[in-house]
*Asks:* 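This is the structure I want to talk about, given as structure tokens.
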Amino acid sequence: MVVPLTRTLYSTTAHASGGRTGTVVTDDGRLELRLAPPRKKAPESTNPEQLFAAGYAACFTSALAEVAGEFGVDAAAARVACQVELGTTDTAAGYGLAVTMTVSLPGWRGEDLLPLLHRADAVCPYSQAVKGNVPLTLRAEDSVPAAG
């Protein structure tokens with residue numbers, strides 16, 4: 001189901017040329033990058049999957065901070081790793097993505113943190129954009145001092 005915006009809070013545009021071997025630049029010029037395919041080791045280049053992972057990780061971190069605050073939890077020290085996999089699928093498109101979000105928060109056990117991750121997933125705009133299209137695995141890692 002497509003959910004339309006009721007109000008735009010921010011808008012940006014990125015311009016790409018040359019596909020995976022070209023460039024991308026934002027309309028304000030603050031981001032300008034050379035692109036290379038994921039398997040090609042090109043100095044000073046990135047690829048769309050890295051850009052997606054970076055954006056999703058940042059967005060999810062903000063969503064986590066927001067929902068944690070609702071429970072009186074400070075999530076400013078959370079560490080969020082967004083792994084994006086590009087692979088083949090058994091669909092007409094032939095290609096797809098899969099995402100694993102791994103999160104730790106100092107002083108927290110993974111099992112206690114996991115409900116916050118599910119809540120963050122429910123409000124994160126990136127999560128909403130990929131829901132039903134991209135497999136997402138949420139992992140909460142322990143980040144408590146070892147007993148000893």
Side-chain angles (χ1 to χ4, degrees), residues 1-71 73 75-106 108-143:
M1 176 175 81
V2 175
V3 179
L5 295 177
T6 56
R7 181 173 55 131
T8 298
L9 301 175
Y10 175 73
S11 178
T12 189
T13 303
H15 305 271
S17 61
R20 290 181 173 273
T21 59
T23 60
V24 64
V25 61
T26 55
D27 55 357
D28 62 6
R30 289 194 285 170
L31 179 67
E32 185 172 353
L33 300 168
R34 289 187 326 165
L35 301 174
R39 293 185 187 153
K40 186 176 180 184
K41 304 291 186 218
E44 300 178 21
S45 295
T46 189
N47 61 63
E49 291 73 28
Q50 290 173 319
L51 295 170
F52 182 75
Y56 199 167
C59 189
F60 197 89
T61 302
S62 291
L64 178 62
E66 180 181 323
V67 300
E70 294 172 6
F71 296 95
V73 174
R79 305 296 283 170
V80 177
C82 178
Q83 177 186 5
V84 173
E85 296 175 86
L86 168 67
T88 59
T89 64
D90 292 331
T91 65
Y95 295 98
L97 299 175
V99 174
T100 301
M101 199 70 66
T102 304
V103 181
S104 65
L105 183 61
W108 282 71
R109 295 191 185 285
E111 63 194 38
D112 298 328
L113 182 58
L114 198 54
L116 287 178
L117 300 191
H118 286 287
R119 179 74 182 111
D121 179 49
V123 302
C124 175
Y126 272 65
S127 290
Q128 297 313 301
V130 302
K131 191 171 293 303
N133 299 309
V134 175
L136 172 64
T137 302
L138 296 175
R139 284 190 176 145
E141 292 186 337
D142 288 345
S143 185

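Please read all numbers here as calculations on a predicted model, not as lab measurements.
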*Asks:* Contact between Val130 and Leu97 at the side-chain level, heavy atoms closer than 4.5 Å - yes or no?
*Replies:* no

*Asks:* Considering residues at least two apart in sequence or located in another chain, which fulfil the side chain to side chain donor-acceptor pair (under 3.5 Å) criterion with Thr100?
*Replies:*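 Residues passing side chain to side chain donor-acceptor pair (under 3.5 Å) with Thr100: none at all.
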
*Asks:* Does atom NZ of Lys131 have more than 12 heavy-atom neighbours from other groups under 6.0 Å away?
*Replies:*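 Yes, the 6.0 Å shell around NZ holds more than 12 heavy atoms from other groups.
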
*Asks:* Using a 4.5 Å cut-off on heavy atoms from C-beta on, say whether the side chain of Val80 contacts that of Met101.
*Replies:*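 Yes. Closest side-chain heavy atoms under 4.5 Å.
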
*Asks:* When rounded to the nearest 0.5 angstrom, what is the spacing between CZ in Arg79 and OG in Ser143?
*Replies:* 10.0 Å

*Asks:* Hey, what do you get for CD (Glu66) to OG1 (Thr61), rounding to the nearest 0.5 Å?
*Replies:* 13.0 Å

*Asks:* How far apart are the closest heavy atoms of Ala75 and Ala65, and which atoms are they?
*Replies:*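 Reported closest heavy-atom pair: CB-CA, 4.0 Å.
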
*Asks:* Using every non-hydrogen atom in the two residues, find where Gly110 and Ala140 come nearest and quote the distance to one decimal.
*Replies:* O-CB, 3.2 Å

*Asks:* Is the shortest heavy-atom distance from the side chain of Tyr95 to the side chain of Thr89 under 4.5 Å?
*Replies:* no

*Asks:* For Glu49, enumerate each residue passing the salt bridge (charged side-chain N to carboxylate O under 4.0 Å, His left out) test, keeping only those at least two apart in sequence or located in another chain.
*Replies:* Arg20

*Asks:* Taking the side chain as every heavy atom from C-beta outward, state whether Ser17 and Thr23 have any atom pair closer than 4.5 Å.
*Replies:* yes

*Asks:* Got more than 12 heavy atoms from elsewhere within 6.0 Å of CD, Glu44?
*Replies:*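 Not more than 12 within 6.0 Å, no.
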
*Asks:* With rounding to the nearest 0.5 Å, note down the distance linking CG in Asp121 to CD in Gln128.
*Replies:*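 CD of Gln128 is found 6.5 Å from CG of Asp121.
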
*Asks:* With a 4.5 Å cut-off on side-chain heavy atoms, are Tyr56 and Leu136 touching?
*Replies:* yes

*Asks:* Can you name the closest pair of heavy atoms from Ala77 and Leu105 and give their distance?
*Replies:* C-CD1, 4.0 Å

*Asks:* How long is the gap from CG on Leu117 to OG1 on Thr137, to the nearest 0.5 Å?
*Replies:* 12.0 Å

*Asks:* Does a side-chain heavy-atom distance below 4.5 Å link Thr46 with Leu35?
*Replies:*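 The answer is yes; the side chains approach within 4.5 Å.
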
*Asks:* Using the rule side chain to side chain contact (heavy atoms under 4.5 Å, CB included), only one of Leu114, Leu116, Asp142 pairs with Trp108; which is it?
*Replies:* Leu116

*Asks:* Between the main-chain N or O of Thr26 and the side-chain N or O of Glu32, is there a donor-acceptor pair closer than 3.5 Å?
*Replies:*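 Checking the backbone N and O of Thr26 against the side chain of Glu32, no donor-acceptor pair under 3.5 Å is found.
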
*Asks:* Is there a side-chain contact between Pro37 and Asn47 in this structure, where contact means two heavy atoms from C-beta onward sitting under 4.5 Å apart?
*Replies:*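 A side-chain contact is absent here, since even the closest heavy-atom pair is not under 4.5 Å.
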
*Asks:* Which atom pair, heavy atoms only, marks the closest approach of Ala129 to Asn133?
*Replies:*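 So the two residues come closest at O-ND2, 3.8 Å.
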
*Asks:* Answer yes or no: is there a donor N or O on one side and an acceptor on the other, between the side chain of Glu111 and the main chain of Glu141, under 3.5 Å?
*Replies:*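 The answer is no, because no donor-acceptor pair under 3.5 Å joins these two groups.
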
